[in-house]
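Structure first, then comments.
Given the structure is predicted, the values throughout are model-derived calculations rather than measurements. Convention: sequence-line order gives letters A, B, ...; per-chain numbering from 1.
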2 protein chains.
Amino acid sequence: MARTTGSDGERTEAAVREAAVNLIARYGYEAMSMRQLAAQVGVQAAALYRYFPTKEELLFTLMREHMEGLRKAWEHARPADADPAEQLAAYVRNHIAFHIERRHATHVSNMELRSLSPDRLTQILRMRTAYEKELRSILRDGAETGVFRIEDTGLTAMALIQMMTGVIVWFRPGERLSVAEVMATYLSMTMRLVGATSAGEERHVHEHARLRA
Amino acid sequence: MARTTGSDGERTEAAVREAAVNLIARYGYEAMSMRQLAAQVGVQAAALYRYFPTKEELLFTLMREHMEGLRKAWEHARPADADPAEQLAAYVRNHIAFHIERRHATHVSNMELRSLSPDRLTQILRMRTAYEKELRSILRDGAETGVFRIEDTGLTAMALIQMMTGVIVWFRPGERLSVAEVMATYLSMTMRLVGATSAGEERHVHEHARLRA
DNA sequence: GAATTAATTGAACGTTCGTTTTATTATTGC
DNA sequence: GCAATAATAAAACGAACGTTCAATTAATTC
């Protein structure tokens with residue numbers, strides 16, 4: 001046999017990406033074999049090499065597009081002219097919404113970094129650092145303006161990001177909590193953690209009420 | 001050749017454990033080969049099977065002992081009769097100190113769960129859940145006593161644990177911050193996050209001063 | 001409808017993997 | 001110092017891995 005009826009390159013490539021994200025998230029990059037991936041797509045292993053030259057290139061593509069998606073989401077969600085408290089709230093909401101919606105891809109991007117070659121690792125880490133830098137900048141602004149009380153900006157940024165990204169470990173859609181509830185609670189915890197002054201707290205409380213409605 | 005001069009079973013087994021933790025933390029369980037591990041120990045691959053019947057059993061042993069170590073550390077560090085704020089402070093200090101000291105083992109226990117067979121996975125998760133339950137219990141006590149202001153105990157516990165465990169991602173000994181400084185800052189963030197009342201804050205501030213001294 | 005291009009199969013390549021078996025040497029106990 | 005045991009080496013096993021190649025068929029182009 002050879003080309004099958006109804007076969008379509010674009011559809012196959014999309015199916016490969018989706019199956020790869022799911023399999024790598026569940027079993028890990030090293031544990032997923034190209035044959036296993038091909039079987040999930042409904043194709044022979046050799047067909048995969050029409051779309052991705054190597055297994056590592058496939059992993060890198062998934063990670064790069066995930067990071068670009070995160071950057072674009074924040075570019076779209078960031079408020080143009082807003083005080084640090086509003087900016088921080090937008091950052092938290094965007095981060096949690098994005099990571100819950102793309103749990104599997106996030107898992108891959110966070111857990112499989114060590115399977116990348118050095119220069120590809122550098123590229124992904126650069127994108128990640130740029131994204132984290134946005135948060136540090138917001139925190140610094142807030143600390144200088146006096147709306148936040150923060151001991152160490154860099155350390156607080158790392159703590160917040162790890163706290164927020166952690167939702168993908170335990171969150172399962174359709175269980176006890178809705179996405180809006182999780183977002184609201186994490187927003188509340190974040191504002192307290194950065195010592196947001198009453199003005200920021202007020203805003204957050206209103207936000208909280210709105211989200212639960 | 002066969003038995004080598006000066007060979008000693010106990011020393012070899014300890015060397016295997018240490019090398020395995022380091023290699024798995026760096027390259028991942030699947031990516032570490034038994035030959036690579038043996039080479040690191042200075043022995044042939046077959047010799048490993050004198051101490052661990054399979055590769056997975058080796059992984060499981062490392063994880064189980066790490067979790068038991070964490071439990072024992074908390075048993076030893078937990079204050080007998082203390083208010084929730086003091087108990088929480090002890091939990092945070094113990095968690096951060098333990099995880100910084102055993103970064104590699106923590107990495108293994110957190111990242112390689114999917115390489116365990118179902119029943120071994122269950123065993124490790126049970127130990128982890130028991131440990132997390134301690135934190136939830138402290139938070140609940142504090143919320144009921146009124147010393148903490150917490151929206152959702154379970155969610156707060158997860159957020160705190162992920163925030164604290166996250167130190168192993170970026171912390172490198174001997175760099176910008178000392179362990180005591182990191183502990184102090186995380187303690188401060190934790191107390192604010194749980195909305196600890198001024199009494200708890202006071203105590204924490206004193207603690208903070210003590211640790212920096 | 002013939003020629004060209006796109007998509008895929010099936011088989012194979014060389015390598016590496018975890019593990020087992022057997023033999024061999026060092027150490028220990030008497 | 002001799003028997004028993006502990007610790008390892010060396011070689012091999014079959015299976016699985018990522019990847020390549022040639023052949024084959026479907027879709028497209030003119």
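Rounded to whole angstrom, the span from the CE atom of Met34(B) across to the C1' atom of dT19(C) amounts to 9 Å. Rounded to an integer number of Å, the gap from Glu57(B) CD to dT19(C) P is 11 Å. Regarding Arg50(A), its CZ atom lies at a distance of 21 Å from the P atom of dG18(D), rounded to whole Å. Going from atom OH of Tyr51(B) over to atom P of dA9(D) covers 10 Å, rounded to whole Å. Computed from coordinates, the Leu59(A) CG to dG18(D) C1' distance equals 15 Å when rounded to whole Å. The separation between Glu10(A) atom CD and dA26(D) atom P is 21 Å, rounded to whole Å. For the pair Leu58(B) CG and dT19(C) P, the interatomic distance rounds to 10 Å; values are reported in whole Å. Taking atom NZ of Lys55(B) as the reference point, atom P of dT16(C) lies 15 Å away to the nearest angstrom.
Here the side chains of Lys55(B) and Leu48(B) are not in contact, with every heavy-atom distance at 4.5 Å or above.
Residue Arg35(A) places its side chain closer to dT19(D) than to any other of dT19(D), dC17(C), dT8(C). Side-chain atoms of Ala47(B) lie closest to dA9(D) of the nucleotides dA12(C), dT19(C), dA9(D). Taking every side-chain heavy atom of Gln44(A) into account, dT9(C) is the closest of dT9(C), dA7(C), dT19(C). Nearest nucleotide to the Ser33(A) side chain, out of dA11(C), dT8(C), dC17(D): dC17(D). For Tyr49(A), the side-chain atoms get nearest to dT19(D) when compared with the rest of dC17(C), dT19(D), dA10(D). Comparing dA6(D), dC21(D), dT20(C) by their nearest atom to the side chain of Ala46(B) picks out dT20(C).
Expressed to the nearest 0.5 Å, how far NE2 of His66(A) lies from CZ of Phe98(A) amounts to 4.5 Å.
Crowding of Glu30(A) atom CD: a count of heavy atoms from other residues, nucleotides or ligands under 6.0 Å exceeding 12.
Judged by distance alone, with hydrogens and angles left aside, the side-chain atoms of Glu112(A) form no donor-acceptor pair with the main-chain N or O of Leu59(A) at under 3.5 Å.
Contact between Pro84(B) and Ile138(B) at its shortest, heavy atoms only, is O-CG2, 3.6 Å.
Close to dA7(C), at under 4.0 Å from its OP1 or OP2, lies no side-chain N or O of Thr12(A). An OP1 or OP2 oxygen of dG18(C) is reached within less than 4.0 angstrom by no side-chain nitrogen or oxygen of Thr54(B).
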